[in-house]
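Each remark here refers to the structure printed beneath this line.
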Amino acid sequence: MNTISYHYDAQKITAGILHIGVGNFHRAHQQFYTNAILESEDQKQWGICGVCLLPSDEKTVHHLRAQNLEYSLTVCGRNGTDEVYKIGSLRELIWGIEDPEAVINKIASHSIKIITLTITEGGYNLDKETGEFNLNDEKIQFDLKNNGAPATVFGFVAEGLRRRKMENNGGITILSCDNLQHNGNTAKRAFMAFIEAQDKDLAEWVKMNVTFPNSMVDRITPSVSAEDIDRLTKKSGIPDLAPVYCEDFVQWVIEDHFIAGRPAWERAGVEFTDDVTAFENMKLSLLNASHTLLSYPSFLMGYRKVDQAMEDQVIVQFIRNFMDTDITPLVPAPANTDLEEYKNTLIERFANHSVSDQVSRLCFDGISKFPVYVVPNLITMIKAGMDLTRVAFLTASYRHYLKYKTDEHGHSYEIGEPWLTAEDQKLIDDEDPAAFLGLSAFKGAGLEGSLKFVERYTEFAGHIKNKGTGQVLKSIIK
């Protein structure tokens, strides 16, 4: 195993980026790129100030602070060879629960030129049917009425920008790093809706002084268990309370629209472009949708690790058929991208034994993932009269996963659906499979209006219940 330490003097690095949501993906992706460019003398102003806003972040905050904010990143090679990076680019860490004023003042600071976000697909508070920002949410209502004491990311950012405006500290870029279609446009819609409802004058300032580039991010990064911490520290020899591990593939494509300057991330391999659309369509439709396609059937069949599921050739062929037959006709490849090579690489990445990602992580928060990864192409497929077999089977598998909470080996499990509503639960509990198509994940898709889809989906729902997921899956493989 090769250990790669940074060589810059971390004490001389200042934070020019404020990142909200210091999770594993951020620490394996944005921090990885930033750590690399800080080796250049002219990039010392682009360290990262991390911000955590949730009570559940307490352990991460304490562990990182206990080791001067440094941590190890193990990059797991598909060839079986791992590399360990010591990451020093996280220069400050603020926990909003502990010190909300520090978060607000940091956003307002002249030294901060970029706010980056990993707040999850569901964190943008958009109605799944209309795509509009939900102003009626209880926490949003609290923030709209309580300037200066925020409870949400929108309240914090608005208050920080308000002070920034008052102090004449200049423009700033808000860069989403979440897996969303046109994530910059989505972030702009969400933040502008909140700010316009709270402060019309601030909204006018934001229109002139804040940019929201779209970006595409990609690196498979599993969650880290206590057992993983022991394993990673023993393997690396580096004592670390907060290690992260990830695959060796990494990609970041960003629209170059930064109003107050940016790091030279291109020196570390980031691709800057005028339009990220083709890249994000390819990634969301092939990688993320395939992850969702793999997740629920594999979990119901008893698999708990992605690489183990990928040893099942029925599952591999299922994913490959989906990529080739369902998605490739709908997704034009970006310039200089070989789509066949990209799909082959995805299969390799999913099967990486060194990463051994958790199927449960892929199952988590389907309510937010389906509208982003699956439904847009499904709507197109229905309109075009395409084969709906695989997506209908996936939808039936998702219903079975949520409804019965027992896999085909009799093992019970807990589901992870933080955005599931009481109305959603009623639809899941309904014995009529068709009721499930009214789930918030499918709002606006009109699935119930497609007789072909409803028939296929309903048929699969019954077969999965009576025959088991694995047997039904075998029946649909070409």
Side-chain angles (χ1 to χ4, degrees), residues 14-23 26 47-58 61 91-120 122-126 132-178 183-213 258-260:
T14 57
I17 303 166
L18 180 142
H19 180 81
I20 301 175
V22 187
H26 163 70
I48 298 174
C49 171
V51 168
C52 297
L53 297 179
L54 303 175
S56 57
D57 293 322
E58 182 174 10
V61 171
R91 299 315 312 143
E92 301 174 51
L93 185 58
I94 306 171
W95 187 28
I97 302 295
E98 175 185 74
D99 193 350
E101 275 293 302
V103 176
I104 295 165
N105 287 332
K106 199 67 182 179
I107 293 170
S109 170
H110 182 266
S111 64
I112 297 296
K113 309 297 184 183
I114 303 170
I115 299 171
T116 55
L117 306 165
T118 45
I119 57 175
T120 77
Y124 291 82
N125 188 46
L126 300 179
E132 297 303 311
F133 189 75
N134 180 14
L135 287 167
N136 295 319
D137 178 85
E138 185 178 340
K139 289 183 178 180
I140 296 297
Q141 280 294 311
F142 174 86
D143 275 3
L144 289 174
K145 298 170 185 173
N146 291 270
N147 290 6
T152 71
V153 63
F154 306 101
F156 272 104
V157 169
E159 186 60 27
L161 294 180
R162 188 176 295 108
R163 293 189 192 180
R164 191 179 186 93
K165 171 178 174 282
M166 289 172 57
E167 295 166 13
N168 199 28
N169 280 338
I172 195 167
T173 293
I174 297 179
L175 175 64
S176 171
C177 302
D178 284 300
N183 57 10
N185 297 351
T186 299
K188 182 177 182 177
R189 185 162 69 252
F191 282 97
M192 286 304 300
F194 178 89
I195 292 168
E196 285 176 345
Q198 188 189 62
D199 185 338
K200 297 289 186 185
D201 289 341
L202 178 60
E204 290 303 310
W205 181 88
V206 170
K207 289 174 185 177
M208 300 299 295
N209 293 278
V210 182
T211 54
F212 295 84
F258 291 77
I259 197 169

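For the single chain, residues carry numbers from 1 onward in sequence order.
Looking only at distances, no side-chain donor or acceptor of Trp95 sits under 3.5 Å from a matching main-chain atom of Pro100. Side-chain atoms of Thr152 come within 3.5 Å of backbone N or O of Phe154 as a donor-acceptor pair. Remark: side-chain polar atoms of Lys113 are paired, donor with acceptor, to backbone N or O of His110 under 3.5 angstrom. A donor-acceptor pair under 3.5 Å links the side-chain atoms of Thr173 to the main chain of Ile259, judged by distance alone. Formation of a donor-acceptor pair under 3.5 Å by the Asn134 side chain with backbone atoms of Asn125 is not found in this model.
For Ser176 against Ala187, the heavy-atom pair with the smallest separation is CB-CB, 4.3 Å. Scanning both residues, Gly171 and Ala260, for their nearest heavy atoms gives O-CB, 3.5 Å. Taking every heavy atom of both residues into account, Asn183 and Pro213 meet most closely at OD1-O, 4.2 Å. The two atoms that bring Val103 and Gly96 nearest to each other are CG2-CA, 3.8 Å, heavy atoms only. In plain terms, the two heavy atoms of Cys177 and Thr116 that are nearest each other are SG-CB, 4.3 Å.
Annotation: side chain of Tyr124 is in contact with side chain of Asp178 (closest heavy-atom distance under 4.5 Å). Between Val157 and Ile20, the closest side-chain pair of non-hydrogen atoms falls below 4.5 Å. For the pair Glu58/Ile97, no side-chain contact is recorded, criterion being any heavy-atom separation below 4.5 Å from C-beta on. For the pair Leu53 and Pro150, the minimum side-chain heavy-atom distance is 4.5 Å or more. Between Ile115 and Leu117 the shortest side-chain heavy-atom distance falls below 4.5 Å. Side-chain contact between Val61 and Leu93: present, with at least one pair of heavy atoms (C-beta onward) separated by less than 4.5 Å. Here the side chains of Arg189 and Phe133 are not in contact, with every heavy-atom distance at 4.5 Å or above.
Distance OG1/Thr14 to CD/Glu92: 9.0 Å, rounded to 0.5 Å. Taking CH2 from Trp205 and CZ from Arg164, the interatomic distance works out to 6.0 Å, rounded to the nearest 0.5 Å. From Leu144, atom CG reaches atom CZ of Phe194 across 4.5 Å, with rounding to the nearest 0.5 Å. In this structure, the separation between CG on Asp137 and CG on Asp143 is 9.5 Å, given to the nearest 0.5 Å. Distance check: Ile172 CD1 to Phe212 CZ gives 10.0 Å after rounding to the nearest 0.5 Å. With values rounded to the nearest 0.5 angstrom, Ile94 atom CD1 is found 10.0 Å from Cys52 atom SG.
Within a 6.0 Å sphere centred on NZ of Lys188, other residues, nucleotides and ligands contribute 12 heavy atoms or fewer.
Taking the salt bridge (Lys or Arg N to Asp or Glu O under 4.0 Å) definition, one finds that Glu98 meets it with Arg65, sequence neighbours left out.
Residue pairs meeting the salt bridge (Lys or Arg N to Asp or Glu O under 4.0 Å) criterion with at least one member in residues 150-162, sequence neighbours excluded: Glu159-Arg162, Glu159-Arg163, Arg162-Asp199.
A salt bridge links Glu196 with Lys207; the closest basic N to acidic carboxylate O contact falls under 4.0 Å.
His19 and His26 have parallel rings, their planes meeting at less than 30° on a 0 to 90° scale where 60° marks the start of perpendicular.
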